[in-house]
Peer 1: 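This is the structure, below, for whatever I ask next.
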Amino acid sequence: MLLEEDPSTLIRHTIANFNIAPDRLAVARVSESLATLQQARDLRLRDAESSLKKLARNLATLQSQHNELTSTHSSAAHASEIARLDTQKFRIAKGVSDLEMETERLQAQQAELAARLQELELQGVDGGVGEFGGGGVAGGGGSVEDEVLLRLKVYRSLGIDIERDTKDGEFSRAVVRNDRKGDVHVVNIDRKFSRFFYANYFWQIL
């Protein structure tokens, strides 16, 4: 009968009938997987801690730099410097604009005077009287003299003074003044050069 058998024998037979080997293998595999997961988790945790420490060091460095900059920077001084530079910029821009306007005005005045001088040059050629010719008395009486005086007036307005020779009354010397440059040029007039040569030369000096 069953009760008459040795209990240890019954236990061995019962254990053999359970067939727990596959279960033990499954438990071993689960344990191995858990160990692998734990290692991976520990590795990721160490990497996260290392990254956190690195970020903490960077944050401390940036905070130190920020504190240094804020301690040496003055917002009021910066705003004052910006305002000063803006004022200087507008002043320079206004000066440049004024200079451009003055240049245009002088160029227009120069063109007008050049046109007047050319007109007088042509009148002198038609009338047979040169700028640096005789004393102004030639067949035309007072009109010729007036024409010469008008030319002299134009020359003076340009800064050119024509002087006569005390011996023969001919125009022999010109004093050219350039007020803009502060220069004074004395030019001896030689009859072998044309009046156009001297006109161009005077314009170059001016």
Side-chain angles (χ1 to χ4, degrees), residues 43-125 130-132 146-165 171-190 193-206:
L43 181 61
R44 293 179 60 184
L45 182 61
R46 285 195 297 271
D47 291 341
E49 290 176 350
S50 177
S51 299
L52 181 61
K53 290 179 181 179
K54 183 178 180 180
L55 290 175
R57 288 193 298 270
N58 292 338
L59 177 61
T61 302
L62 292 175
Q63 285 180 340
S64 176
Q65 294 177 354
H66 176 265
N67 294 334
E68 182 179 358
L69 289 174
T70 53
S71 63
T72 57
H73 175 72
S74 175
S75 299
H78 178 71
S80 176
E81 181 67 13
I82 292 297
R84 185 187 68 81
L85 291 176
D86 286 341
T87 302
Q88 184 177 1
K89 179 183 70 176
F90 290 129
R91 186 181 296 115
I92 292 174
K94 184 178 183 302
V96 171
S97 177
D98 293 342
L99 288 176
E100 290 178 350
M101 293 176 60
E102 181 66 14
T103 300
E104 291 178 358
R105 186 187 69 80
L106 291 176
Q107 288 177 347
Q109 182 179 2
Q110 179 183 1
E112 180 182 356
L113 292 175
R116 290 172 59 187
L117 179 60
Q118 184 178 7
E119 181 180 356
L120 291 175
E121 293 283 354
L122 294 176
Q123 290 177 359
V125 172
E131 293 86 337
F132 313 122
D146 292 339
E147 183 180 343
V148 173
L149 292 176
L150 178 60
R151 291 177 185 171
L152 292 176
K153 183 177 180 181
V154 173
Y155 285 132
R156 290 193 186 94
S157 68
L158 295 174
I160 303 173
D161 290 331
I162 308 297
E163 299 179 359
R164 295 179 184 271
D165 192 343
F171 292 110
S172 60
R173 190 173 70 165
V175 180
V176 184
R177 296 179 176 84
N178 189 329
D179 295 333
R180 182 171 56 86
K181 297 181 180 179
D183 296 336
V184 177
H185 297 269
V186 178
V187 181
N188 293 320
I189 299 173
D190 193 336
F193 297 108
S194 68
R195 55 180 174 273
F196 297 105
F197 167 80
Y198 283 110
N200 292 330
Y201 180 67
F202 291 159
W203 279 118
Q204 290 176 2
I205 295 177
L206 293 174

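Since this is a predicted model, take the numbers as computed values, not measurements.
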Peer 1: Mind jotting down which residue pairs meet the side-chain hydrogen bond (donor to acceptor under 3.5 Å, both in side chains) criterion with at least one end in residues 44-54? Sequence neighbours excluded, please.
Peer 2: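 Passing the test, one end in residues 44-54: no pairs.
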Peer 1: For E102, what residues pass the side chain to side chain donor-acceptor pair (under 3.5 Å) criterion, not counting sequence neighbours?
Peer 2: R105
Peer 1: Can you list the residues that meet the side-chain contact (heavy atoms from CB on, under 4.5 Å) rule with L99, with sequence neighbours excluded?
Peer 2: none
Peer 1: Can you sort out the partners of L55 under side-chain contact (heavy atoms from CB on, under 4.5 Å), two or more places apart, ordered by chain and number?
Peer 2: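 side-chain contact (heavy atoms from CB on, under 4.5 Å) check on L55 returns nothing, list empty.
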Peer 1: What residues, two or more places apart in sequence or in another chain, satisfy side-chain contact (heavy atoms from CB on, under 4.5 Å) together with I92?
Peer 2: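 Listed in chain order: Q88, V96.
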Peer 1: For D98, check side chain to side chain donor-acceptor pair (under 3.5 Å) against everything at least two apart and list the hits.
Peer 2: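 Partners of D98 under the side chain to side chain donor-acceptor pair (under 3.5 Å) test: K94.
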Peer 1: Could you tell me which residues satisfy side-chain contact (heavy atoms from CB on, under 4.5 Å) with Q65, sequence neighbours excluded, listed by chain and number?
Peer 2: T61, L62
Peer 1: Quick one: are Q63 and H66 in side-chain contact, heavy atoms under 4.5 Å?
Peer 2: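 Heavy-atom side-chain distance check fails, nothing below 4.5 Å.
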